[in-house]
Amino acid sequence: MDLFSNLALGFSVALTLKNIFYCFVGALFGTLIGVLPGIGPLATIAMLLPITFHLEPTGALIMLAGIFYGAQYGGSTTAILVNLPGESSSVVTALDGYQMARQGRAGVALATAALASFFAGCVATIVIAVAAPALSRMALLFGPPEFTALMVMGLIAAVVLASGSIVASIGMVMIGMLLGLVGTDVTTGEQRFVFGIRQIYDGIDFVVVAMGLFGVAEIISNLADSHGRTSGSAEITRLMPNKADVKQAAPAAIRGTLLGSLLGVLPGGGALISSFASYSLEKRLADDPSRFGKGAIEGVAGPEAANNAGAQASFIPMLALGIPPNAVMALMIAAMTIHGITPGPKFLSDQPSLFWGMIVSMWIGNMILVILNLPLVGIWVKLLKIPYAYLFPAILVFCCVGVYSINYRVFDVFAMAGFGVFGYFLRRIGCEPAPLVLGFILGPMVEEQFRRTLLLSDGDFSIFLTRPLSATLIGATVALLLLMALPSLRKGREEAFREQD
Amino acid sequence: MGVQQQYLSGLFFIAFGAFAVWAGRDLTIGTAAEMGIGYTPRALAIGCIVVGCILLLQAFTVKAAEEGPRVSIAWRPLVLVTLMVTAFGGLLPYLGLPITVALITLMAAASGETFTWPMLVVMAVGLAVMSLLLFSTALNLQIPVWPF
């Protein structure tokens, strides 16, 4: 079968000493930065981008993927040990994980998280290997109307599935798209919104935006918020779960994996929604739901498996269609573009060794994470005890050097400062910046496909509804929006996200 | 979202949209069949204004009991972090990486967090050396290193 020869190709790429080393370094640095309180995967990847700049594309991609799941994993560690989830997808892990830690079972919680994530990672890798090629073959049938409809659906789904006001999030997407359109228009070569600033003639750099909104703005928020400073953390004693633990955790991990693999592929899906869904599923299935929130091991195993599976499955639409399902994947696209790789339907057929090498390295990376994290837990604990006064200048230096080294110009550093202030204000007025980032990447793509569609139809908007595939996608989008307008569902959505506050 | 947040974000979206309409006033709009470069930006800008109006409308209709959190700005970290980043950008070309890094690390003293001077100085020197070794030596990034 094709799959095996493809995977064999992947192993031959990923198992070279050099690439294993890149994978290891990526996972290590990803965890190291991801463990720091208040820094999510997005900021971690943005900060560590410069260390991949000088690598060749395969090595760089493998390292980036390593950084990504390292950061995911680091976030869970912080959530369990100090109840400070670095990102929203490990919020649910903190609910029961931190309680386990307080009962002296921090080691067990960490090991459960690691093993559940590893299991989920293995399954998700296979899911990617099967689903991505199928999806990219399907994408070859897509014309401009279908791509437009698909991207609009992705944007709307991302907004609905995220927390916060839906109206404001739609607004953030549009602001992101507007910012994404700044610079020289690809089709006509004319300039838009450049205000005579030479440095943005090629558009605003995505890394500058992401680093400002997530790196710098998060540091400001953490300094303002006393939670960013508490560092009372738990002692680690026993690591390995016992028989009873395994019996409770294993089925939860399996259910979480399935849920994550499914939800991760959906536009707007990914780690966040998967972990929330898994937590409520486990709570519903449990014999005694009142144990949840008091250190139930299923409440760690399920969501951890789900968020890892979801995070990896969200690579599928990114790699196969070139459409990022969430903000982290948008950053991955930007990072790949720096290395001259354009993800999309042609990526797989044009560069099979790169694609399959990356897939297999994800599996290796997950294994490295388990090997790396269980013995190194003690170091992460120490890292969490460093006072924020010493920590934040170091993080800031990483952000500054990272942004500076994209184009070697100080303009980008100043622009990052500006986006940092912008991001902080957005958060204060209740607008989450994640949809903005997604809109920023998708803006120019949507415009191009939209323009082509209407050129095809000679300005007739009904083309979106007369082609069956695009009509289905538009229908699904409208249905999604209507569902959210129903009062009962809206209440359910608010409740699902309440645990986050 | 609290009521005050809805007011402020509503005004923000309207202002942003209006600014985008103004900034794109000279761009060709064209027709749907032959879009000019101003077509999508104008549509998005109007979209922003609509979103802003909806948020304002929601803010007006909420009962007083559901007012939600009030917006507060932590000026000290906001100003300090912005200053640190701009200082990095401004000083780097003249002082080089290690000295710039050490200086902005020392600026952290003004953060209001608990710290001790000896430890902060150790941090500053350590970060300066580390950034030099990591970014310049190991990763070979073309960053100015010394002031001369």
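Both backbone and side-chain heavy atoms feed into the values below; hydrogens, waters and symmetry mates do not. Within every chain, numbering begins at 1; the chains are lettered A, B, ... in the order of the sequence lines, protein sequences first and strands thereafter.
Counting heavy-atom pairs closer than 4.5 Å to chain B, the top residue among L454(A), D458(A), V403(A) is L454(A). Of the listed residues V413(A), V216(A), V446(A), I219(A), the one with more heavy-atom pairs under 4.5 angstrom with chain B than any other is V413(A). Ranked by non-hydrogen atom pairs under 4.5 Å with chain B, the options A168(A), C431(A), G420(A) are led by A168(A). Highest contact tally toward chain B, considering only L181(A), V401(A), L456(A), D460(A), is held by V401(A) [criterion: heavy-atom pairs under 4.5 Å]. With respect to chain B, the highest number of heavy-atom pairs below 4.5 Å among T453(A), L396(A), T188(A) belongs to L396(A).
Both the backbone and the side chain of I37(B) have a heavy atom closer than 4.5 Å to some heavy atom of chain A. Of the atoms belonging to L426(A), it is side-chain heavy atoms, and not backbone ones, that fall under 4.5 Å from chain B. Only the side chain of F461(A) comes within less than 4.5 Å of a heavy atom in chain B; its backbone stays farther off. Proximity to chain B is limited to the side chain of D185(A), based on heavy atoms less than 4.5 angstrom apart.
The OG1 atom of T40(B) sits 6.0 Å away from atom CZ of R192(A), with the distance rounded to the nearest 0.5 Å. Here CZ of F193(A) is found 5.5 Å from CG of L27(B). Values are rounded to the nearest 0.5 Å. Note that CZ of F13(B) is 7.5 Å distant from CE of M174(A), once rounded to the nearest 0.5 Å. In this structure, CZ on F392(A) lies 9.0 Å from OG1 on T105(B), to the nearest 0.5 angstrom. One finds the CD atom of Q58(B) at 6.0 Å from the OG atom of S165(A) (value rounded to the nearest 0.5 Å). Note: M172(A) CE to F16(B) CZ = 8.5 Å, rounded to the nearest 0.5 Å.
Ring orientation note: the planes of F450(A) and Y39(B) are tilted relative to one another, at an angle of 30° to 60°.
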Requested in this report: Please lay out, stage by stage, how F135(B) and S405(A) fare under the test side-chain contact (heavy atoms from CB on, under 4.5 Å).
Outcome: CA-CA 9 Å; F135(B) 297 117; S405(A) 57; over 6 Å; no

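Within the 3.5 Å criterion, the main-chain N or O of A74(B) finds a donor-acceptor partner in the side chain of Y424(A).
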